[in-house]
Amino acid sequence: MATDINVPVANRTPVAYFKKTVNITDAPSVMGFTLTTVADDGVVVYVNGTEVGRTRVSAGPITNATYANAAVNTTAANAAPIVINVPVDLLVSGANSISVSTHLNYKSTPNISFTMSASLIR
């Protein structure tokens, strides 16, 4: 974990946002694109603005006030990574945006953890 988001409980929102741009050359030649994430508590993942997966977040619209529907500790989250097979037709040649919202299960939760890796198959 590289970023400490230390916000007092009184000022804490249930959601943290992360975004990464990845450059992909010759997107039509991509045969598979997989994202693997670990999130404590919930996570919603988007590629180029399209939702590609969610875990422990109920169906429906997502806002900055959406809580996760279950709590999981960091050890349990690390033991069960979430693998998302991204439809390759979402990818474009050049800049591609991977956006993530992480969601706490309750406002006074003691921590949030999140990691993600990507794998591209040609």
_Where I98 and F33 come nearest, the two heavy atoms and their spacing_ = CD1-CZ, 4.0 Å

*Could you state the interatomic distance from CG (N96) to CG (N48), rounded to the nearest 0.5 Å?*
4.5 Å

*What residues form a side-chain contact (heavy atoms from CB on, under 4.5 Å) with T13, not counting sequence neighbours?*
none

*Following the transitive rule for hydrophobic clusters with a side-chain heavy-atom cut-off under 4.5 Å over Ile, Leu, Val, Met, Phe, Trp and Tyr, establish whether L35 and V92 coincide in one cluster.*
no

*Not counting sequence neighbours, which residues clear side chain to side chain donor-acceptor pair (under 3.5 Å) with T75? List them please.*
none

*asked:* I'd like to know if the side chain of T37 and the backbone of M116 have a donor-acceptor N/O pair within less than 3.5 Å.
replied: no

*Considering all heavy atoms, the nearest R56-A39 contact*: NH2-O, 2.8 Å

*Please check if I82 and V15 belong to a single hydrophobic cluster, counting links between Ile, Leu, Val, Met, Phe, Trp and Tyr side chain heavy atoms closer than 4.5 Å.*
no

_Residues which pass side-chain contact (heavy atoms from CB on, under 4.5 Å) with V52, listed by chain and number, not counting sequence neighbours_ = V45, V47, I84, V86, P87, L90

_Contacts of type side chain to side chain donor-acceptor pair (under 3.5 Å), residue N73, not counting sequence neighbours_ = none

*Apart from Y67 itself, what residues make up its hydrophobic cluster when side-chain heavy atoms of I, L, V, M, F, W and Y under 4.5 Å apart count as a link, directly or indirectly?*
none

*asked:* Through direct or indirect side-chain contacts below 4.5 angstrom among Ile, Leu, Val, Met, Phe, Trp and Tyr, which residues connect to I62?
replied: V44, Y46, V57

*Residues forming a side chain to side chain donor-acceptor pair (under 3.5 Å) with D26, sequence neighbours excluded*: S29

_T66 versus P61, closest heavy-atom pair with distance_ = OG1-O, 4.0 Å

*Could you tell me which non-hydrogen atom of I24 sits nearest to which non-hydrogen atom of R122, and how far apart they are?*
CG2-NH2, 3.9 Å

*Would you mind reporting whether F18 and T102 have side-chain heavy atoms less than 4.5 Å apart?*
yes

*Will you find, in the side chains of T74 and D40, an N or O donor that is under 3.5 Å from an N or O acceptor?*
yes

*Can you name the residues that form a side chain to side chain donor-acceptor pair (under 3.5 Å) with T34, not counting sequence neighbours?*
N85

_Do F114 and V100 make a side-chain contact, defined as non-hydrogen atoms from C-beta onward lying under 4.5 Å apart?_
yes

*Looking only at heavy atoms, what is the nearest atom pair of A27 and S93, with distance?*
N-OG, 2.9 Å

_Results of salt bridge (Lys or Arg N to Asp or Glu O under 4.0 Å) for R54 - residues two or more places apart only_ = E51

*Taking C-beta and beyond as the side chain, do H103 and S101 meet within less than 4.5 Å on heavy atoms?*
yes

_Contacts of type side-chain contact (heavy atoms from CB on, under 4.5 Å), residue N105, not counting sequence neighbours_ = D41, A68, A71

_Within the 4.5 Å heavy-atom criterion, are I121 and V30 side-chain neighbours or not?_
no

*With sequence neighbours left out, write down each residue that passes side-chain contact (heavy atoms from CB on, under 4.5 Å) with A95, or none if nothing qualifies.*
T21, N23

